[in-house]
Amino acid sequence: MATARPSSCGRDSVPATPRASIDVSLVVVVHGGGASNISPGRKELVSEGIAKAATEGYNILKAGGSAVDAVEGAVTMLENDPEFNAGYGSVLNADGDIEMDASIMDGKDLSAGAVSAVRCIANPVKLARLVMEKTPHCFLTGRGAEKFAADMGIPQTPAEKLITERTKKHLEKEKLEKGAQKADCPKNSGTVGAVALDCKGNLAYATSTGGIVNKMVGRVGDSPSGAGGYADNNLGAVSTTGHGESILKVNLARLALFHVEQGKTVDEAATLALDYMKSKLKGLGGLILINKTGDWVAKWTSASMPWAAVKNGKLQAGIDLCETKTRNLPTC
């Protein structure tokens, strides 16, 4: 179990969790997906992307935007970054195509929107928000979601423009080495997500993903469901990442908030939820969590999880265990 932490520590030590103070203030936390070890050549790009996304979300809050605005803005930044498995840079299914999932939720009134298996949409999180705000439904999928996008004036992006050379090579390697995903062989997958607390005390989350590389056509994981994220002003906001089937089976996001509801700290709640998924299903992953008072945590059982958090103008970010960097954001 790894927890985000502002100072270095040994792997066998018990890391302290960086958490916000108990006063309610602007907070944004983002993640770039629970994953296997990230290569040294990509770490700088991933670190830069995750920090930019958190900063974008925080600046939206500073400008008076809502928590929903902030998580949408942060996740959009990550969807536009080819280093992350969402939007541009999504992994490919068994047919070599992109099928993307996303969801968003407003903790103020439990409004929610989600899309799954969408193909030619550059920013699925924006479409998920439109589902939340412009339809009586919570979830649209496939062709219906794409028709709705067209009705809303969202331009189609040719699928080939969302596919990168890295994702092509990733699929080729997966097919050669391991073949199709097996249900009894849980595997981490990248996802991006954000949680935020705004000046009115409202909470929100957003999650977006391209899913698992070499997945069956039509496979949908946890990201567009309540297992992949949840927000309730009375409890907190969560975005999860990792092996989607395991996350779905334990309903990871709501499980973490259940522990918050029972009086656990955000650190304890995240640990209990992730440990349960690991012990019950051998499922690995991670989550970011904010409670209603602004305490936050980033925690994972996968090898790594890029994350960043901003509160009180201070940015903290990391990828691996005990690898936290801290800097102050410009005040102007």
Inset, instruction - For residues V30 and M77, determine if any side-chain heavy atom of one lies less than 4.5 Å from a side-chain heavy atom of the other. - result: no
Legend entry - S111 and D109 side chains, donor-acceptor separation under 3.5 Å: yes
Inset, instruction - With rounding to the nearest 0.5 Å, note down the distance linking CG in N312 to CG in N328. - result: 10.0 Å
Inset, instruction - Answer yes or no: does atom NZ of K43 have more than 12 heavy-atom neighbours from other residues, nucleotides or ligands under 6.0 Å? - result: yes
Inset, instruction - Consider only side-chain heavy atoms of I, L, V, M, F, W and Y, link residues closer than 4.5 Å, and tell whether V220 and V75 are in one cluster. - result: no
Inset, instruction - Consider only side-chain heavy atoms of I, L, V, M, F, W and Y, link residues closer than 4.5 Å, and tell whether L255 and L248 are in one cluster. - result: no
Legend entry - Non-hydrogen side-chain atoms of P224 and V115 separated by less than 4.5 Å: no
Legend entry - From E72, E133, K126, residue fulfilling side chain to side chain contact (heavy atoms under 4.5 Å, CB included) relative to I104: E72
Legend entry - Lys/Arg-Asp/Glu bridge criterion (N-O < 4.0 Å) met for E261, R254: yes
Legend entry - Sidechain-backbone polar pair: E79 side chain, V125 backbone, donor-acceptor under 3.5 Å: yes
Inset, instruction - Name all residues meeting the salt bridge (Lys or Arg N to Asp or Glu O under 4.0 Å) criterion together with E56; count only those two or more places apart in sequence or in a different chain, and write none if there are none. - result: none
Inset, instruction - Give a yes or no answer on whether the side chain of T141 reaches the backbone of S116 with a donor-acceptor pair at less than 3.5 Å. - result: yes
Legend entry - Interatomic spacing from NZ in K278 to OG in S246 - rounded to 0.5 Å: 12.5 Å
Legend entry - Pairs satisfying salt bridge (Lys or Arg N to Asp or Glu O under 4.0 Å), at least one member in residues 144-161, at least two apart: K147-D151
Inset, instruction - Give the intermediate values and the outcome of side-chain contact (heavy atoms from CB on, under 4.5 Å) for residues I212 and V91. - result: CA-CA 7 Å; I212 295 177; V91 297; 5.7 Å; no
Inset, instruction - Find out whether V118 and L127 are in side-chain contact, i.e. whether some heavy atom of one side chain is under 4.5 Å from a heavy atom of the other. - result: yes
Inset, instruction - Check whether any side-chain heavy atom of R166 sits under 4.5 Å from a side-chain heavy atom of R42, and report yes or no. - result: yes
Legend entry - Results of side-chain hydrogen bond (donor to acceptor under 3.5 Å, both in side chains) for T55 - residues two or more places apart only: none
Legend entry - E245/K249 salt bridge by N-O under 4.0 Å criterion: no
Inset, instruction - Please answer: with hydrophobic residues joined when any side-chain heavy atoms are less than 4.5 Å apart, are L329 and L61 in the same cluster? - result: yes
N/O donor to acceptor pairs below 3.5 angstrom from side-chain atoms of residues 226-239, sequence neighbours left out:
residue: D232; atom: OD1; partner: N234; partner atom: N; Å: 2.9
residue: N233; atom: OD1; partner: K108; partner atom: N; Å: 3.4
residue: N233; atom: OD1; partner: L203; partner atom: N; Å: 2.9
residue: N233; atom: ND2; partner: N202; partner atom: OD1; Å: 2.7
residue: S239; atom: OG; partner: H31; partner atom: NE2; Å: 2.9
residue: S239; atom: OG; partner: T207; partner atom: OG1; Å: 2.8

Legend entry - Atom pair OG/CD of S304 and E323 - distance to nearest 0.5 Å: 9.5 Å
Legend entry - side-chain contact (heavy atoms from CB on, under 4.5 Å) evaluation trace for H137 with F148: CA-CA 12 Å; H137 308 304; F148 173 67; over 6 Å; no
Legend entry - Other residues, nucleotides, ligands: >12 heavy atoms within 6.0 Å of M216 CE: no
Inset, instruction - Mind running side-chain contact (heavy atoms from CB on, under 4.5 Å) on L281 and Y276 for me, showing each step along the way? - result: CA-CA 8 Å; L281 301 170; Y276 179 77; over 6 Å; no
Legend entry - Heavy-atom closest pair, residues G210 and K215: O-NZ, 2.8 Å
Inset, instruction - Give a yes or no answer on whether the side chain of E83 reaches the backbone of V46 with a donor-acceptor pair at less than 3.5 Å. - result: no
Inset, instruction - Please report the shortest heavy-atom distance between K264 and A269, naming the atom on each side. - result: CB-N, 4.1 Å
Legend entry - Student check: side-chain heavy atoms of T167 and V213 closer than 4.5 Å: no
Legend entry - Note: D69-R129 ion pair, threshold 4.0 Å (strictly below): yes
Legend entry - Side-chain heavy-atom pair D81, V192 within 4.5 angstrom cut-off: no
Legend entry - K169 vs E165, salt bridge (Lys or Arg N to Asp or Glu O under 4.0 Å): CA-CA, chis, key distance, verdict: CA-CA 6 Å; K169 291 177 180 178; E165 287 302 314; 5.6 Å; no
Legend entry - Contact check, side chains of V217 and D97, non-hydrogen atoms, under 4.5 Å: no
Inset, instruction - Might you point out which heavy atoms bring T241 and G34 nearest each other, and give the distance in Å? - result: OG1-N, 2.8 Å
Inset, instruction - Without swapping roles, check the side chain of Y58 against the backbone of L26 for a donor-acceptor pair under 3.5 Å. - result: no
Legend entry - Linked, directly or transitively: V266 and F258 (ILVMFWY side chains, under 4.5 Å): no
Legend entry - Closest non-hydrogen atom pair, V68 against M132: CG1-CE, 4.0 Å
Inset, instruction - Identify the two heavy atoms, one from Y205 and one from V195, that lie closest to each other, and give their separation to 0.1 Å. - result: CB-CG1, 3.9 Å
Legend entry - Spacing of CG belonging to N85 relative to OG belonging to S208, to within rounding of 0.5 Å: 8.5 Å
Inset, instruction - Measure across T157 and A122 and return the closest heavy-atom pair with its distance rounded to 0.1 Å. - result: OG1-CB, 3.6 Å
Legend entry - Check against side chain to side chain donor-acceptor pair (under 3.5 Å), D267 and T265: CA-CA 5 Å; D267 193 352; T265 67; 5.7 Å; no
Legend entry - Distance-only side-chain donor-acceptor flag, T271 / K299, under 3.5 Å: yes
Inset, instruction - Before giving the answer on side-chain contact (heavy atoms from CB on, under 4.5 Å), spell out for L252 and D222 the whole-Å C-alpha distance, their side-chain angles and the decisive distance to 0.1 Å. - result: CA-CA 9 Å; L252 184 61; D222 65 287; over 6 Å; no
Inset, instruction - Could you tell me whether the side chain of D198 and the main chain of A67 form a donor-acceptor pair under 3.5 Å? - result: yes
Legend entry - F139 vs S103 side-chain heavy atoms within contact, under 4.5 Å: no
Inset, instruction - Would you give the length of the straight line joining atom CG of L197 to atom CD1 of I290, rounded to the nearest 0.5 angstrom? - result: 6.0 Å
Legend entry - T209 side chain to A86 backbone, donor-acceptor under 3.5 Å: no
Inset, instruction - Using the test salt bridge (Lys or Arg N to Asp or Glu O under 4.0 Å), find all partners of E268 that sit at least two apart in sequence or belong to another chain. - result: none
Legend entry - T191 OG1 to L287 CG distance, which is reported to the nearest 0.5 Å: 12.0 Å
Inset, instruction - Identify, with sequence neighbours excluded, every residue that meets salt bridge (Lys or Arg N to Asp or Glu O under 4.0 Å) alongside R143. - result: none
